[in-house]
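Read through the structure below, which is laid out as structure tokens, and then see the notes.
Hydrogens, waters and symmetry mates play no part in the numbers below; they use all other heavy atoms, side chains included. Here is how names work: the chains are called A, B, and so on, in the same order as the sequence lines, proteins then strands, and each is numbered from 1.
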Number of protein chains: 2
Amino acid sequence: MGEATVRPLRADAERSVRAILEAAVRVLAEDPGASMDAIAAAAGVARTTVHRRFANRQALIEALASTAARQLADAVDDGRPDTAPPLVAMHRITANVLQVKGAWAFALELTPEPGSEAAALQQDIDRRCVAVLERARAEGLIDAGADLDWVRRVYYALLGETLRGDADGDPDALAARIVDTLLRGAGPRA
Amino acid sequence: MGEATVRPLRADAERSVRAILEAAVRVLAEDPGASMDAIAAAAGVARTTVHRRFANRQALIEALASTAARQLADAVDDGRPDTAPPLVAMHRITANVLQVKGAWAFALELTPEPGSEAAALQQDIDRRCVAVLERARAEGLIDAGADLDWVRRVYYALLGETLRGDADGDPDALAARIVDTLLRGAGPRA
DNA sequence: GCTAACTGCGTCACAACTGTTGCATATTGT
DNA sequence: ACAATATGCAACAGTTGTGACGCAGTTAGC
């Protein structure tokens, strides 16, 4: 649910939907108030086509939030958060997220409607993120008394800041900096 | 410049300007696309009065950016960034900023027009912020090889995250958490 | 107390965005 | 090739925001 998919879309229609969503991420990222027309133009389709696929602006936003959250969930999954050593998982997840930056930028800004699919997915991501942090704490990588929810928020903030300022750059190097900063801060190395 | 102040405003007019700016911070913080009417209502004045003081929306935004930047600069100054011990200065500055959160929230979002007064003030704040970090590094509080610009960005991000999530709460405790996280991260305490 | 400045209110023209429709044309799937 | 589906284009009404008026009534300052 969420997709207005009563019956299977034709190939070209599906292409349009993809183009619109991708363009919307780009355009709305740098101007959250951009018009449907601007989005349509960026997607290379007519405005009416956008309206044909998404009843209104909010429907588009919600679909966008859902796909973004799904992309993020995939990025997390790919890091094998439950089995890989915590440090490895954190690094991989971070690098993955840096590559789907559009999704992250979107998920960070738009607080999804409570009860929406995107909200559920976001909560799921948060949960899994904390789980990784717990495993890291069990290994002594994180202080025993740390507030993991705060740690998670700091982690998100570091990701957000990196995406805003270093949009391009080697994902691995950026991920290393994020994880290092998260675990050790700016203080002197031992 | 920036203020449309050809000649001294009458007392009530100045009051209006203040009310408008304060309301604008509040309103625009939670909806950057809010209408002039909404801002006027929040300020307790008529929409025409807003237009009388600020020619157009952008003029209001710029004036807002300037006053916000000035508030921040004052908050930094009050921390005696050049003379107080770095740790003390960082703590005080942080606590101060947490109290003028409106200004910070605004300065963080709205990238000011290049060349505007706000941009200059913002750069000045950045500069002084890095200066404090340099003093902290000289005292061994920050790793000798650290990229101070990255440290500054992390500091800003921690402030932003705290303001978004813990808008209320003891400024001193929140400041302590920010400084501690910045310098030591989430890792185990020595 | 008088003047100049300020404010609220109503009204106006103008521009931009939204959402919908009808129709001609092009693409897809079978 | 044919039918179903998609698309672009043009046009429409409706809404919302902007910026500018004039005017009557209020407030500040000398």
Side-chain angles (χ1 to χ4, degrees), chain A residues 2-65 67 106 109-110 113 116, chain B residues 2-65 67 106 109-110 113 116:
Chain A
E3 257 65 336
T5 315
V6 179
R7 48 168 156 177
L9 290 175
R10 227 172 62 177
D12 52 353
E14 197 153 2
R15 235 178 299 141
S16 291
V17 172
R18 282 180 180 280
I20 293 168
L21 288 176
E22 284 172 20
V25 173
R26 278 196 310 262
V27 173
L28 293 180
E30 78 173 57
D31 177 13
S35 69
M36 301 289 267
D37 198 35
I39 296 172
V45 300
R47 187 173 65 90
T48 41
T49 300
V50 177
H51 276 108
R52 223 173 263 126
R53 298 300 159 204
F54 305 95
N56 49 41
R57 185 189 188 77
Q58 190 185 340
L60 171 59
I61 302 281
E62 269 172 29
L64 202 43
T67 61
F106 214 79
E109 312 299 330
L110 265 84
E113 298 298 314
S116 69
Chain B
E3 258 67 336
T5 313
V6 178
R7 50 167 156 178
L9 290 176
R10 229 172 62 175
D12 51 354
E14 197 153 1
R15 236 178 297 142
S16 290
V17 172
R18 280 181 182 280
I20 292 169
L21 289 176
E22 284 171 20
V25 173
R26 279 197 310 263
V27 173
L28 292 179
E30 78 174 55
D31 177 13
S35 70
M36 301 289 266
D37 199 35
I39 297 172
V45 300
R47 187 173 66 91
T48 40
T49 300
V50 178
H51 275 104
R52 224 173 262 128
R53 297 300 158 204
F54 305 95
N56 49 42
R57 185 190 188 78
Q58 189 185 341
L60 171 59
I61 302 280
E62 270 173 27
L64 202 43
T67 61
F106 214 79
E109 312 299 329
L110 263 85
E113 298 297 315
S116 69

Rounded interatomic separation in angstrom, taking [atom1] from [X] and [atom2] from [N]:
| X | N | atom1 | atom2 | value |
| --- | --- | --- | --- | --- |
| I61(B) | dT18(D) | CD1 | C1' | 14 Å |
| D31(A) | dA16(C) | CG | C1' | 14 Å |
| L28(A) | dC17(C) | CG | P | 13 Å |
| R53(A) | dT5(D) | CZ | P | 11 Å |
| H51(B) | dT7(C) | NE2 | P | 15 Å |
| I20(B) | dG8(C) | CD1 | C1' | 13 Å |
| L9(A) | dA6(D) | CG | P | 6 Å |
| E14(B) | dA5(C) | CD | P | 16 Å |

N/O (side chain, [X]) to phosphate O (OP1/OP2, [N]) under 4.0 Å:
| X | N | result |
| --- | --- | --- |
| R52(A) | dG8(D) | no |
| T49(B) | dT7(C) | no |
| S16(B) | dC6(C) | no |
| R57(A) | dT18(C) | yes |

Go nucleotide by nucleotide along DNA chain D from the 5' end; which of D37(B) and R15(B) gets its closest nucleotide reached first?
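It is D37(B), whose closest nucleotide lies nearer the 5' terminus.
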DNA chain D: D12(B) or M36(B), which has the more 5' nearest nucleotide?
M36(B)
Nearest listed nucleotide, side chain of R10(B), among dT18(C), dA6(D), dA5(C):
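Of all the options, the side chain of R10(B) is nearest to dA5(C).
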Per N56(B) side chain, nearest of listed nucleotides dG19(D), dG17(D), dG29(D)
dG19(D)
For [X] and [Y], work out which heavy atoms get closest and say how close.
| X | Y | result |
| --- | --- | --- |
| G33(B) | R57(B) | C-NH2, 3.7 Å |
| A59(B) | A55(B) | CB-N, 4.2 Å |
| F106(A) | I61(A) | CE2-O, 4.3 Å |

Gap separating the [atom1] atom of [X] from the [atom2] atom of [Y], nearest 0.5 angstrom:
| X | Y | atom1 | atom2 | result |
| --- | --- | --- | --- | --- |
| M36(A) | N56(A) | CE | CG | 7.0 Å |
| E109(B) | L28(B) | CD | CG | 11.0 Å |
| I20(B) | R52(B) | CD1 | CZ | 10.0 Å |

Tell me which of A13(B) and A55(A) sits closer to the 5' end of DNA chain C, going by the nucleotide each one is nearest to.
A13(B)
So, with a heavy-atom separation below 4.0 Å from DNA chain C, the residues of residues 38-48 of chain B are G44(B), V45(B), A46(B), T48(B)
